[in-house]
Amino acid sequence: MPIAAAHVSSPAKVPTPIFPAAEDQILIRKVAEPGGWLSNMSPHPVEYEGQKWWHCEAMFQALRYAANDAEARDEIRRWKSPMRAKMVAKRFRDRHVVAPLSDADVANMRLCLRLKVSRHSDLGRKLIASGERPIVEDCSSRGRRVNNLFWGAVRVPDSDLPMGYAWEGRNWLGRLWMELRQELRSQS
Ligand SMILES: Nc1c(N[C@@H]2O[C@H](COP(=O)(O)O)[C@@H](O)[C@H]2O)[nH]c(=O)[nH]c1=O
């Protein structure tokens, strides 16, 4: 699927959703933690249009740059450390053709997750085996920043709820994983 150069748009100015925490939820936090295989920082290489990426994070960050912006894309692709790739990507941010947190950014994230499970079939099986468990990128320790509230969610204490807290955030990463799980299940 070719990636069209997308155009800069801002995320919709609508209130951030609040949703319940569930006892059986899978949390995406650090790679070494149980849900870490769902993180874009996990060491699962992906391939796209003949190029190999060490992890989804680098590919995702690079897709914000034009396909012919070799300087940005190649520099991001060099780094085996996902945090390093993410930080290096920021150097070129004035050349973004895909605006962070835009619809095109979400579409790119969807593509990264698909490539990850298509190359690592064990992850696809693990995803299906997770049944209906909600998947949430837990960004609580990183604070209420706009990107955290977009890709993930943060805990909001609420002593009236069974878990003692709810989530605030759009949780796009978790939602895209749940969408892919549904799709894989319907194909299996
Ligand atoms: N910001 C962050 C993580 N969040 C990840 O960063 C990506 C979004 O990048 P951006 O929109 O540029 O902030 C996306 O993969 C999201 O899941 N993860 C981490 O371990 N540590 C971080 O500090």
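Whatever order the structure lists ligands and atoms in, that order sets their numbers, starting from 1.
For ligand 1, the atoms closer than 4.0 angstrom to any heavy atom of Asn40 are 14 (C), 15 (O), 17 (O). Set against the non-hydrogen atoms of Met109, the atoms of ligand 1 under 4.0 Å away are 14 (C), 15 (O). For ligand 1, the atoms closer than 4.0 angstrom to any heavy atom of Asn147 are 13 (O). For ligand 1 and Lys90, the ligand atoms under 4.0 Å from any heavy atom of the residue are 12 (O). Atom numbering of ligand 1 starts at 1 in the shown order; those under 4.0 Å from a heavy atom of Arg64 are 10 (P), 11 (O), 12 (O). Short contacts between ligand 1 and Leu173, defined as distances under 4.0 Å to a heavy atom of the residue, involve ligand atoms 17 (O). The atoms of ligand 1 that sit less than 4.0 Å from any heavy atom of Trp151 are 8 (C), 11 (O).
Ring orientation note: the planes of Phe60 and Trp151 are nearly perpendicular, at an angle over 60° on the 30°/60° scale. In this pair, Tyr65 and His96 present their aromatic rings tilted. The plane angle is within the 30 to 60° band. Note on ring orientation: taking the six-membered ring where Trp is involved, the planes of His44 and His120 are perpendicular (angle over 60°, cut-offs 30° and 60°).
Asp69 contributes atom CG, which lies 8.0 Å from atom CD1 of Ile76 (distance to the nearest 0.5 angstrom).
Geometrically, Arg170 does not engage Trp172 in a cation-pi contact, judged by NZ or CZ lying under 6.0 Å from the ring centre and within 45° of the ring axis.
Heavy-atom neighbours of Gln187 CD from other residues, nucleotides or ligands within 6.0 Å: above the threshold of 12. Other residues, nucleotides and ligands contribute over 12 non-hydrogen atoms within 6.0 Å of the CH2 atom of Trp37.
Leu127 has its side chain within reach of Trp177: a pair of non-hydrogen atoms, C-beta onward, lies under 4.5 Å apart.
Scanning all protein heavy atoms for the shortest distance to atom 6 (O) of ligand 1 gives Lys86 NZ, 3.0 Å. Of the protein's heavy atoms, Glu137 OE1, 3.7 Å lies nearest to atom 16 (C) of ligand 1. The single protein non-hydrogen atom nearest to atom 7 (C) of ligand 1 is Glu57 OE2, 3.3 Å, given as residue, atom name and distance. Remark: minimum distance from atom 21 (N) of ligand 1 to any protein heavy atom is reached at Arg142 NH1, 3.5 Å.
The proximity of Met41 to ligand 1, defined as any non-hydrogen pair under 4.0 Å, is limited to the side chain.
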